[in-house]
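I have placed the structure first, in the form of structure tokens, so that the comments after it can refer back to it.
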Amino acid sequence: MVDLHYPYQESGQPVVEIVAPGVGGLKLLRVRRIRLTESSPEVTLGLEREEAVLDIFGGLCSVNIRATAGSAVFPEVGGRQNVFAGKPHMIYLSRGARVSIFAESPEFEAILFSAPARKDCPPMLIFPEEAQTRLIGKDNWQRTVVTSVGDEVAADRLMVGETTNPPGNWSSAPPHKHDIEGPGEYPMEEVYLYKFNPAQGFGLQRVYTAPNSKDPFDVTYAVRDGDLVCLPRGYHPVVAAPGYQLFYVWALAGDERRYGAWTEDPDHAWIKGAQ
């Protein structure tokens, strides 16, 4: 069983690749962290055959996109101080695009998710008010889920959103998985990248397969601010430590885009009907 946990590592580079296909059981997803400052305010990236989604964690930027599917300039995008201070601006980036990002604030942080694409879709800016926001669950498994790049955004493989747990609360509850094709389920790999408020907080991420799975595993990781966990298969519930808000941005990729095409662990699905 490969290690799925990639702890945060400090770097002075403006772009840091965290995971890529062939790492952590992933076949499609690539994740890069972008940090721009007054001394290094600009970065240009070529996506080649990948589509991508830029999730702005904090700060302002202007983005210049040139691609076969269309060119666009999005000036002064973003603005929230951090991921706990509001819903995100996200930008869908076309396959093969050349993308220039210019920081318009003293500090700027974003995460770039990408995956191989088989078609061209036009670039698109998704404003916070355009995201689908839902309060899911109840009691100590209630959380807020914001889906910015979902069914309503034209893309090939990627779906991206953010989830925030109150202190002590669970997400992916009841535990669900999306690793086989069957009634109500379709295979899509996923990653979670975490933030905590206050930042010294932690959570626990469990990833485990169904009992009849080939090459079964059951692992649990203590996750901290900036860490990433790959979810190539298996159920994946996560809980915040008492006193700490848990945020994670999630990205899904598969041969088809089917948000909600998962099955729940039958041992724990009963909690949805509990009073």
Side-chain angles (χ1 to χ4, degrees), residues 6-19 30-47 50-67 71-94 97-114 123-131 133 144-149 153 158 160-164 191-201 223-228 244-251:
Y6 293 83
Y8 172 76
Q9 294 184 355
E10 188 63 51
S11 171
Q13 300 300 313
V15 180
V16 176
E17 185 171 89
I18 305 172
V19 293
R30 184 186 309 274
V31 184
R32 285 167 274 192
R33 179 182 287 109
I34 299 173
R35 278 207 176 107
L36 303 177
T37 64
E38 289 180 303
S39 60
S40 182
E42 177 184 349
V43 67
T44 297
L45 300 167
L47 294 179
E50 295 178 312
E51 63 178 355
V53 173
L54 183 75
D55 184 359
I56 299 172
F57 274 17
L60 277 171
C61 72
S62 294
V63 181
N64 189 322
I65 306 160
R66 288 176 288 167
S71 297
V73 176
F74 299 125
E76 296 191 350
V77 179
R80 62 178 174 176
Q81 185 176 1
N82 57 59
V83 298
F84 297 99
K87 295 189 288 187
H89 286 79
M90 293 196 193
I91 300 176
Y92 174 80
L93 303 168
S94 310
R98 186 168 179 82
V99 184
S100 296
I101 304 169
F102 307 86
E104 303 283 7
S105 56
E107 294 186 352
F108 172 82
E109 181 182 8
I111 301 295
L112 184 71
F113 300 98
S114 58
M124 181 176 181
L125 169 60
I126 302 95
F127 291 94
E129 59 271 21
E130 295 175 317
T133 303
T144 301
V145 179
V146 176
T147 304
S148 293
V149 181
V153 175
L158 287 172
V160 183
E162 299 181 348
T163 298
T164 304
V191 293
Y192 286 178
L193 189 146
Y194 314 86
K195 291 281 191 177
F196 290 89
N197 181 31
Q200 72 269 24
V223 292
R224 299 184 181 276
D225 197 79
D227 287 5
L228 180 144
Y244 296 97
Q245 277 183 294
L246 163 64
F247 161 97
Y248 58 94
V249 56
W250 46 266

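No side-chain heavy atom of V191 sits less than 4.5 Å from a side-chain heavy atom of Y6. The shortest distance between side-chain heavy atoms of E109 and R33 falls below 4.5 Å. A heavy-atom distance below 4.5 Å is found between the side chains of P88 and R80. Looking at Y248 and E162, their side chains never come closer than 4.5 Å, going by heavy atoms from C-beta outward. Side-chain contact between L36 and F102 is absent, with no heavy-atom pair separated by less than 4.5 Å. Taking 4.5 Å as the limit, some side-chain heavy atom of W250 sits within range of a side-chain heavy atom of V145. Side-chain contact between I91 and I65 is present, with at least one heavy-atom pair separated by less than 4.5 Å. Looking at V83 and V249, their side chains never come closer than 4.5 Å, going by heavy atoms from C-beta outward.
Once rounded to the nearest 0.5 Å, the distance linking CD1 of I101 with CZ of F108 reads 6.0 Å. One distance of note links CG of L112 with CG of D55; it measures 10.0 Å at 0.5 Å rounding. Between the CG atom of D225 and the OH atom of Y8 there is a distance of 8.5 Å, given to the nearest 0.5 Å. The distance from atom OG of S94 to atom CZ of R66, rounded to the nearest 0.5 Å, is 13.0 Å. Going from atom CG of L228 over to atom OH of Y192 covers 11.5 Å, rounded to the nearest 0.5 Å. Put simply, CD on Q200 and CZ on R224 are 9.5 Å apart, with the number rounded to the nearest 0.5 Å.
No more than 12 heavy atoms of other residues, nucleotides or ligands shown are found within 6.0 angstrom of CD on E107. Heavy-atom neighbours of Q81 CD from other residues, nucleotides or ligands within 6.0 Å: at or below the threshold of 12. The local environment of CD in Q9 is sparse, with at most 12 non-hydrogen atoms from other residues, nucleotides or ligands closer than 6.0 Å.
Taking each heavy atom of S114 and R32 in turn, the nearest pair found is OG-NH2, 3.3 Å. Smallest separation of non-hydrogen atoms from P7 and D227: CA-OD1, 3.3 Å. Closest heavy-atom contact between S148 and I126: O-CG2, 3.5 Å. Across all non-hydrogen atoms, the minimal contact from G59 to I56 is O-CG2, 3.6 Å. A131 and V146 make their closest contact through CB-CG1, 3.5 Å (heavy atoms, listed as atom of the first residue, atom of the second, distance). Scanning both residues, S62 and P75, for their nearest heavy atoms gives OG-CA, 3.5 Å.
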For S11 and R35: C-alpha separation, side-chain torsions, deciding distance, then whether side-chain hydrogen bond (donor to acceptor under 3.5 Å, both in side chains) applies. CA-CA 9 Å; S11 171; R35 278 207 176 107; over 6 Å; no

Stepwise side chain to side chain contact (heavy atoms under 4.5 Å, CB included) test for F127 and H89: CA-CA 5 Å; F127 291 94; H89 286 79; 3.8 Å; yes

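Under the 3.5 Å distance criterion, the side-chain polar atoms of E51 are matched with a main-chain donor or acceptor of L158.
Residues meeting the side chain to side chain donor-acceptor pair (under 3.5 Å) test with E38, sequence neighbours left out: none.
The residue from L93, V149, V31, L54 that alone fulfils the side chain to side chain contact (heavy atoms under 4.5 Å, CB included) condition with F113 is V31.
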